[in-house]
Amino acid sequence: MVAVLLLAVWIASRWYEVGCILNNGLAVTVGFGSLTMVYEPATLPGPTGSRVGFYPTTMDFTWRPKWLNTGTGWQTMLPLWPAICALLLLTATAWHLDTLARRRARLNLCPKCGYDRTGLVVGAVCPECGAAHASV
């Protein structure tokens with residue numbers, strides 16, 4: 001679920017940027033397919049105090065990390081796509097393992113090696129790998 005939500009945020013960040021400007025000169029935004037942090041204590045516009053904004057954007061996605069030293073502060077952009085890919089891979093792996101375990105339980109197969117347990121006494125260990133029978 002988190003991977004799908006992060007994917008939706010990444011896609012939406014192509015057209016909109018959501019950010020928070022804090023009163024200490026730090027701004028944190030999600031836009032352009034990346035998480036951006038800007039520290040400009042002397043030049044951030046607007047009133048002092050924390051505020052949140054939602055802005056349309058026209059820039060393309062950020063595909064590589066960027067670091068800029070502006071002289072009075074700094075800016076860094078960390079792309080979201082590596083985290084999305086890692087979460088999607090983790091989700092797909094967990095889903096596959098869960099599907100495999102449910103299939104083996106449904107077909108009365110050993111949960112460890114997949115040996116067909118048909119004809120074995122309930123509670124008997126697997127003759128192939130020695131794994132104990134999974135209690136239902």
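Values reported hereafter were calculated over all heavy atoms of this structure, with side chains retained and with hydrogens, waters and symmetry mates removed. Keep in mind that what you see is a predicted model, and the values were worked out from it rather than measured.
- For the atom pair CG of L107 and CZ of R102, the computed distance is 12.5 Å after rounding to the nearest 0.5 Å.
- The minimum heavy-atom distance between K66 and T62, with the atom names listed, is CE-CG2, 4.2 Å.
- For the atom pair OG of S34 and CE of M77, the computed distance is 3.5 Å after rounding to the nearest 0.5 Å.
- Evaluated for a side-chain contact (heavy atoms from CB on, under 4.5 Å) with L109, the options D116, T118, L100 yield exactly one hit, D116.
- The structure places CG of D98 at 12.5 Å from OG1 of T93, a figure rounded to the nearest 0.5 Å.
- Counting only distance, with no hydrogens or angles, the side chain of T76 and the backbone of V38 share no donor-acceptor pair below 3.5 Å.
- Residue I84 holds its CD1 atom at 4.0 Å from CG of L6, rounded to the nearest 0.5 Å.
- Looking at heavy atoms from C-beta onward, C129 lies out of side-chain contact with Y115 at the 4.5 angstrom threshold.
- The side-chain heavy atoms of W10 and P79, taken from C-beta on, include no pair separated by under 4.5 Å.
- For W81, the CH2 atom sits in a loose shell: 12 or fewer heavy atoms of surrounding residues, nucleotides or ligands are nearer than 6.0 Å.
- To the nearest 0.5 Å, the span separating CH2 on W67 from CD on Q75 amounts to 10.0 Å.
- Both V28 and W74 are assigned to one and the same hydrophobic cluster, defined by single-linkage of ILVMFWY side chains at heavy-atom distances under 4.5 Å.
- No single ILVMFWY cluster, assembled from side-chain heavy atoms under 4.5 Å apart, contains both I21 and L68.
- The shortest distance between side-chain heavy atoms of L78 and M37 falls below 4.5 Å.
- Here the straight-line distance linking atom OG1 of T91 with atom CG of L87 works out to 6.0 Å at 0.5 Å rounding.
- Residues V9 and V4 fall into different hydrophobic clusters, defined by Ile, Leu, Val, Met, Phe, Trp and Tyr side chains chained together at heavy-atom separations under 4.5 Å.
- A donor-acceptor distance shorter than 3.5 angstrom exists from the side chain of R104 to the backbone of P111, with no hydrogens or angles considered.
- In this structure, R117 and A131 approach most closely via the heavy-atom pair NH1-O, 4.3 Å.
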(Q) side-chain contact (heavy atoms from CB on, under 4.5 Å), that's the test. Do V30 and L80 meet it? Break it down for me. (A) CA-CA 9 Å; V30 173; L80 296 175; 4.0 Å; yes
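- In this structure, W63 is a member of the same hydrophobic cluster as L7, with clusters built from ILVMFWY side-chain heavy atoms closer than 4.5 Å.
- Nearest heavy-atom pair, C110 versus C113, reported as atom, atom and distance to 0.1 Å: SG-N, 3.6 Å.
- Counting heavy-atom neighbours within 6.0 Å of W95 CH2, excluding the residue itself, gives a total of 12 or less.
- Under the 4.5 Å side-chain contact rule for hydrophobic residues, L5 and F61 do not share a cluster.
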